[in-house]
Amino acid sequence: MSNLTILRSYAQKAHPETLPPSVLLGFSDKTLTIFDAYPKSVFHFLILPRIRPPLTVFDLASLRTLLKADKAHARSVLDALSEEAEKTKRLIREEMGKRYGYEWDIWTGFHAVPSMEHLHLHVLSADLCSPSMRHKKHYNSFHPTRGFFLPLEDVRGWFDAEPSYLETMRELKKSAYEPLLKEDLACWRCGAAMKNMPTLKAHLQEEWEKEEKAQKAKLQRKRKREEVPEDAAEKKSRLSTAALPCGESDTV
DNA sequence: GTTCTAGAAC
DNA sequence: GTTCTAGAAC
């Protein structure tokens with residue numbers, strides 16, 4: 001089932017609800033959100049634009065083709081993807097809380113050189129811990145500062161710069177981006193060099209556990225901060241009640 | 001993605 | 001010698 005045009009076949013569906021729930025998370029008039037078949041993080045979804053005139057299946061083939069289409073329409077596709085990404089992020093945060101008891105970052109962006117046809121926005125939790133994360137090129141393609149992963153907000157920003165900037169960036173040449181996938185492995189959090197994937201994966205797992213501890217400690221501190229003012233308010237009300245007979249309650 | 005192979009690591 | 005890993009071919 002894993003061929004190069006599977007995403008296109010999803011995006012072309014007039015009735016996305018016919019897709020199995022194992023594939024489809026949800027859809028709107030303009031977009032469709034699916035589970036990545038090979039998640040590279042704990043949470044990993046793809047948001048696809050549906051075919052809506054005047055844009056064609058060809059315009060929506062990739063980020064490259066979209067950015068060469070009519071500017072206003074291209075921008076509105078990115079806006080629709082962004083809106084849906086925000087909803088997906090809220091859902092992920094809820095799930096993080098339920099399943100793990102804390103929340104961590106979520107990335108949204110495109111691969112500069114996609115491996116499958118039809119534009120797809122990646123929405124994934126910032127951990128890169130997953131059994132499907134197996135090869136160097138998988139990892140480097142999501143490394144947040146390698147350059148291959150293009151954050152959605154950066155791409156939207158290209159529209160606001162000089163027109164020539166968009167014209168340059170939209171080339172998305174394979175020859176410029178593919179070499180980034182072959183760069184040496186380094187932890188995206190601490191920058192430490194890793195000699196191979198098993199070492200990197202063990203390290204990322206540790207980093208994620210550190211994040212969990214840090215976030216949970218933060219939650220504890222927050223709870224304590226929130227307890228103290230409540231206590232103080234209770235004491236204050238008790239004191240003022242006690243002080244009432246003296247008529248000095250408002251100075252406590 | 002899977003399969004295959006060469007070379008490294010043990 | 002066996003196992004593991006990365007990279008190429010498909």
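Residue numbers begin at 1 in each chain, while the letters A, B, ... track the order of the sequences.
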A.B. asks: Identify, with sequence neighbours excluded, every residue that meets ring-ring contact (aromatic ring centres under 6.0 Å, His included) alongside A:H138.
C.D. replies: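 For A:H138, the residues satisfying ring-ring contact (aromatic ring centres under 6.0 Å, His included) (neighbours in sequence not counted) are A:H135.
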
A.B. asks: Taking any heavy-atom pair under 4.0 Å as a contact, classify A:K40: base, sugar-phosphate, or nothing.
C.D. replies: sugar-phosphate

A.B. asks: Is there any ring pair (Phe, Tyr, Trp, His ring centres under 6.0 Å) pair reaching into residues 71-99 of chain A, and which pairs are they, with sequence neighbours excluded?
C.D. replies: none

A.B. asks: Closest approach of A:L121 and A:T108, non-hydrogen atoms and distance?
C.D. replies: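 Smallest heavy-atom distance, with atoms named: CD1-C, 4.1 Å.
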
A.B. asks: Heavy atoms within less than 4.0 Å of DNA chain C: which residues of residues 107-114 of chain A have one? Give them sorted by number.
C.D. replies: none

A.B. asks: Determine which pairs satisfy ring pair (Phe, Tyr, Trp, His ring centres under 6.0 Å) with at least one residue from residues 178-206 of chain A, sequence neighbours left out, and list them in order.
C.D. replies: A:W107-A:W188

A.B. asks: Return the set of residues passing salt bridge (charged side-chain N to carboxylate O under 4.0 Å, His left out) with A:E95 (not counting sequence neighbours), or none when no residue passes.
C.D. replies: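 Listed in chain order: A:K98, A:R99.
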
A.B. asks: May I have the list of side-chain donor-acceptor pairs in residues 160-174 of chain A shorter than 3.5 Å, sequence neighbours left out?
C.D. replies:
unit_1 : atom_1 : unit_2 : atom_2 : d
A:D160 : OD1    : A:R75  : NH1    : 3.2
A:T168 : OG1    : A:S164 : O      : 2.8
A:R170 : NH1    : A:L67  : O      : 3.2

A.B. asks: Of all residues at least two apart in sequence or in a different chain, which pass the ring-ring contact (aromatic ring centres under 6.0 Å, His included) check with A:Y100?
C.D. replies: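 So A:Y100 forms a ring-ring contact (aromatic ring centres under 6.0 Å, His included) with A:W104, A:W208.
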
A.B. asks: Not counting sequence neighbours, which residues clear ring-ring contact (aromatic ring centres under 6.0 Å, His included) with A:Y139? List them please.
C.D. replies: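 Listed in chain order: A:H143.
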
A.B. asks: How does each nucleotide of nucleotides 1-10 of chain C score, in 5' to 3' order, for protein heavy atoms under 4.0 Å: base (B), sugar-phosphate only (S), or none (-)?
C.D. replies: ----SSSS--

